[in-house]
> 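One structure, as structure tokens, below. Some questions next.
Every chain is numbered from 1, with letters handed out A, B, ... down the list of sequences.
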Protein chains: 2
Amino acid sequence: MASSLDALEREIETQNALFHELRLSGSDPAGLEEVKKKLGELKRSLGQAKAKAAGDSSAASGSKDGAAKKKERILLKTPKGTRDYGPTEMFCREYVERIVKDCFTTYGGSCLDTPVFERKEILAGKYGEDAKLIFDLMDQGGEQLSLRYDHTVPLARYLAMMGGTNTQSKLWQVGKVYRRDNPVMSKGRMREFSQADFDISGVWDPMIPDAEVISLVCTILSKLDVGEFTIKINHRRILDGIFEVCGVPADKIRTISSAVDKLDKLPWADVKKEMTEEKGLDPSVADRIGEYVKHKGGPELLDQLFADTALSANASAKQGLEDMGLLFTYLSAYNVLDKISFDMSLARGLDYYTGIIYEAIVEASAPPGFKANPPVDPSSAPAAPPKKKTKKVKNENGEEEEEIDESQVGVGSIAAGGRYDNLVGMFSAAASGDAKSKGSIPCIGISIGLDRIFAIVWPRWVEKGIRSKETMVYIMAAGDGLLVERMKLVKELRDAGIKADFLAKKKPKLPVQFAAGERDEVPFAVILGENEIKEGYVMVKQQRWEMVDGKKVKVLAEGDEKGERVNRGQLIDWLRATQIWKDWEEGKL
Amino acid sequence: MASSLDALEREIETQNALFHELRLSGSDPAGLEEVKKKLGELKRSLGQAKAKAAGDSSAASGSKDGAAKKKERILLKTPKGTRDYGPTEMFCREYVERIVKDCFTTYGGSCLDTPVFERKEILAGKYGEDAKLIFDLMDQGGEQLSLRYDHTVPLARYLAMMGGTNTQSKLWQVGKVYRRDNPVMSKGRMREFSQADFDISGVWDPMIPDAEVISLVCTILSKLDVGEFTIKINHRRILDGIFEVCGVPADKIRTISSAVDKLDKLPWADVKKEMTEEKGLDPSVADRIGEYVKHKGGPELLDQLFADTALSANASAKQGLEDMGLLFTYLSAYNVLDKISFDMSLARGLDYYTGIIYEAIVEASAPPGFKANPPVDPSSAPAAPPKKKTKKVKNENGEEEEEIDESQVGVGSIAAGGRYDNLVGMFSAAASGDAKSKGSIPCIGISIGLDRIFAIVWPRWVEKGIRSKETMVYIMAAGDGLLVERMKLVKELRDAGIKADFLAKKKPKLPVQFAAGERDEVPFAVILGENEIKEGYVMVKQQRWEMVDGKKVKVLAEGDEKGERVNRGQLIDWLRATQIWKDWEEGKL
């Protein structure tokens, strides 16, 4: 009895995973409905079986048998917080990656690839409280290893290893990183997720690399068509200056900074409470901080802060304000000032930032009610964001934890980064055992959350009915199948670099071949026949697919119902000269 | 004392890693020489320090202090069997990947992406003895996970999960896989390495998908320019038939098959010894096997085997021979027969193959003395390969193991695969608990070893002096730096999709800017000046780089020593109309 319950529960889990997979990959509704129906039936069966088991006194005696069976079975699913990406999604993901990589090289970047795991000591002490989210490998008689948590630390390790041989670089990395976080798959928050990083290392003149990186993010987000976006910018030294001026004790600066970091999710009252009740800050100090961090704006905010004599007398703040002034000049040259919001509440958690910090937000990634680039009025208090609700839940180890009510949170920032001038030096010093090591290399970088971008772009692709395959030509034959002839022609086209396919059957019926080509939305159907082969020509039908009322519809070229007779020897040139071919090459199809 | 010895040893290890890194990335000889020199000095210091420590009675008392210091230090290196790939190598690797992916889509493939780790039970029982090479993750209060060992098992898991929704597919995967093997970095044998897989699933007419996959491998290897190559093909059912006909007991067939698999590395005498002495096979049976497995050839070998009445009376062999006959017909249609060697000694280790099996070998990947595609003479005995020498070494756990003398072995096959008709069904059956599950989906696929291909292609790139960056334009300014003007122009070009860069300094000297552009081998130098800006034009110098006596030399376009005056508003069109631009687009630079 127990074993059949177990089998049902496993089957339900498998079907659930399948349902999720199909739903996310935008499968056809009929298929989805079928799986859903099956899922319903299984759940009903489980209910009945449980009811029966409850009234069945022999249930306990069957448990050993159940355990034995259990061992033979396997659960067909991907690990928690991970998933497969099938063909249609990957077509879109590859497109997103291609644009990002192309922007990276357009800005002079070169690719770096590091291993997916690092020696555990490399990651140690870099992520503060979040270190608990690091995936460790089992020690199998060798080294202690961990999966990489981001691309920044491996990059810093690489730069430290290269030492003085090449300190000035523009490097990009695209790949997966790993965090044992609470996954929210629908919002692109996963345990395995893709990040695209771009970093500029080395000593350059102030704020020039900083402006390069911010201009790059603007270029990428514009090209990806993610909708309106804002780059929030702040400066660690301005924040530190504010804390000093307001009277925060030196040993409380980092912890008060992380309280400020929560202002994008919590109202000021809650943050103040954390500062005073939890962290023991004097309420009047907190109020002074509140006056500063409510500001957001552009260059005019900078003027206002320079005019603040208390702040501009502080060495740290003064340095930060001067950096910001230079940055604004350069961002104006790059023509991206309209995307920028100097946001004094932005703090960013990671300890290693030393200069400017930034986050890109798009409307689609923000919590309900958020508007990108709201009209700036520095004198007004910030609108209170929706209050975040939390609930107590049990984690994997059975401990109670607070969990965020995800309906109140967006997918978060889609890109973030900052300047980190000491991280590489930390590695050089730790490796040489000399704290005064000369291996310090200043860096600035950005991490782009590809899954979050994909979560925004993908529904638009589905809506527009974008093709998910690049096959251009489908080779078919009437009558006896002409398999070898189809093979010869498909190979000829492929050798010429034309994406072509055919049905892997010996004598398929013509309508079956047409259906196969149409499933791939192939624009050219090339038909072979005995006569055609003898006389050295083929028949070609051209077809387009268009979205009509949310459904894909085939549209034959005018007067092309019967197809066109094309000389076999000229087929490749003929195909490339058609309007459909040109439209495809220009990305219009 | 112990702590300074320790520091020296660590420093030597770090320098060793750096030296290796630089050497593999083809760094300039001067830099290499410097690192080598430093390494030499360190080793001498270590020797002296050790000599001193030996005569120093206080060495022991210092050990506690040494241990404390040791804890603070970290070793700057990548995990064993892994490495970073820097910009120049990645440029070449990305090129290789792009060609492989392009061929995959040209053959009608769609991309699949699965997580880098799987639930441990998914990998269990799929790799026979090699299961010990699987990397496991630490169980951190959740699931038991392992890094993927190949792409085939995750694909089969995916197909089983998708169930009956889409059984016919052509899917490709490109990504890293993990094996705790003994790494030989110089030959591209790593613990983390890249594989590119292409698999056709579903019921099709016999041998058509099989021919597609083999034609695909030929297309890829031809495009990658890896030199002469051979695809060795055999059939599991022919092998099984031979073993039956020769009189191998049923329970010994798999183990005798894995002895045969070693014939590409060991002479027949050694293999026979393993069969008879280790595995207890009757010597006369072994001799009969030896008569069969020495054959290699083309369709004519097939005729010879059909004429062998004993073999063709065996049901298994007959089925295999018929499959091979059909395959040869199709491979002839694909025009790749000249690349094929029907090799009866090819056995392949993995248990799950059920039909044809194949391996691609190039001369560059073979052991010393190997020639791809030797003239076929089925009557002659195969030339004895060089005898492999093994030596006893200690593994990570301190156990003694036999290690292969790597100088006698090539990088091995660069691609391999076969038909596996039951693997997906195994998953479906194991998940449903029903051995007669209808979830069986026949598959055939190929795995391409990208690191091995890279190890062949990379030295040719270095030799040809191929650029490692795509930046086309370097923006410079004379006099006062004109930083904002340079930024405006670089942004304008980048917005037009032109890869452009500039020196991130406020007032750099002109020769420094030229040197920076030349380091990237940028073909266009665009120079701004006060007058030029006022009058609305720029100066452009065109330059090519050519290999002369193994060194890169700059060649200015004729009459272009002073550069050309170009209207600022027409710069983008002007650049795109130049011969250098067209040559670059056509891949000639």
> If you round to the nearest 0.5 Å, how far is CG of L76(B) from CZ of R119(A)?
9.5 Å
> Grab the two heavy atoms, one from F135(B) and one from L145(A), that are nearest each other, plus how far apart they are.
CE2-CD1, 4.3 Å
> So what's closer than 4.5 Å to chain B heavy atoms on V336(A): side chain, backbone, both or neither?
side chain
> Heavy-atom cut-off 4.5 Å, strictly under: side chain, backbone, both or neither for Y474(B) against chain A?
neither
> What are the two closest heavy atoms between G86(A) and L112(B), and how far apart are they?
CA-CD1, 4.2 Å
> Near N335(B) CG, under 6.0 Å, is it more than 12 heavy atoms from other residues, nucleotides or ligands?
no
> Find the one option among P115(A), S222(A), G108(A) whose heavy-atom pairs under 4.5 Å with chain B are most numerous.
P115(A)
> Let me confirm one number: the CG-CD distance from L75(A) to E121(B), rounded to the nearest 0.5 Å.
6.0 Å
> Could you walk me through whether V490(A) and Y334(B) pass the side-chain contact (heavy atoms from CB on, under 4.5 Å) check?
CA-CA 9 Å; V490(A) 84; Y334(B) 281 107; 4.2 Å; yes
> Please classify the contact between I200(A) and chain B as side chain, backbone, both or neither, with a heavy-atom cut-off of under 4.5 Å.
neither
> Find out whether M90(B) and S110(A) are in side-chain contact, i.e. whether some heavy atom of one side chain is under 4.5 Å from a heavy atom of the other.
no
> Under a 4.5 Å cutoff for heavy-atom pairs, which residue among K505(A), M487(A), R494(A), K491(A) has the most contacts with chain B?
R494(A)
> Which atoms of K101(B) are under 4.5 Å from chain A, going by heavy atoms: the side chain, the backbone, both sets, or neither?
side chain
> Taking only Lys NZ, Arg NE, NH1 and NH2, and the carboxylate oxygens of Asp or Glu, determine whether K170(A) and D520(B) approach each other closer than 4.0 Å.
no
> Pick from P87(A), A333(A), A504(A): which one has the most heavy-atom pairs with chain B under 4.5 Å?
A504(A)
> Which of these, K77(A), R180(A), K80(A), sits in a salt bridge (charged side-chain N to carboxylate O under 4.0 Å, His left out) with E143(B)?
K77(A)
> With a 4.5 angstrom heavy-atom cut-off, could you sort out which part of L331(A) is near chain B: side chain, backbone, both or neither?
neither
> Need one label for K176(A): side chain, backbone, both or neither, based on atoms under 4.5 Å from any heavy atom in chain B.
side chain
> So which of T82(A), T471(A), T105(A) has the biggest tally of heavy-atom pairs under 4.5 Å with chain B?
T105(A)
> Answer yes or no: is there an ion pair linking D84(A) with R157(B), defined by an N-O contact shorter than 4.0 Å?
yes
> Can you tell me which portion of L155(B) sits under 4.5 Å from chain A's heavy atoms? Options are side chain, backbone, both or neither.
neither
> I208(B) versus F502(A): any side-chain heavy-atom pair under 4.5 Å?
yes
> With a 4.5 angstrom heavy-atom cut-off, is it the side chain or the backbone of F91(A) that approaches chain B, or both, or neither?
neither
> Given heavy-atom pairs under 4.5 angstrom as the criterion, report whether the side chain, backbone, both or neither of L493(B) touches chain A.
neither
> Is it the side chain or the backbone of L147(B) that comes within 4.5 Å of chain A heavy atoms, both, or neither?
side chain
> OG/S146(B) to CE/M138(A) distance, rounded to the nearest 0.5 angstrom?
8.0 Å
> How long is the gap from NZ on K499(A) to CG on D102(B), to the nearest 0.5 Å?
4.0 Å
> Look at R93(B), E212(B), E492(B) and state which one has the largest set of heavy-atom pairs under 4.5 Å with chain A.
E212(B)
> If you round to the nearest 0.5 Å, how far is OH of Y85(B) from OG1 of T114(A)?
11.5 Å
> Find the distance between CD (E192(B)) and CG (D113(A)) and round it off to the nearest 0.5 Å.
7.0 Å
> Heavy atoms only: give me the nearest D495(A)-T219(B) pair and the separation to one decimal.
OD1-OG1, 4.4 Å
> Looking at F427(A), W172(A), Y330(A), which makes the most heavy-atom pairs under 4.5 Å with chain B?
Y330(A)
> Which bit of K506(A) comes within less than 4.5 Å of chain B, counting heavy atoms only: side chain, backbone, both or neither?
both
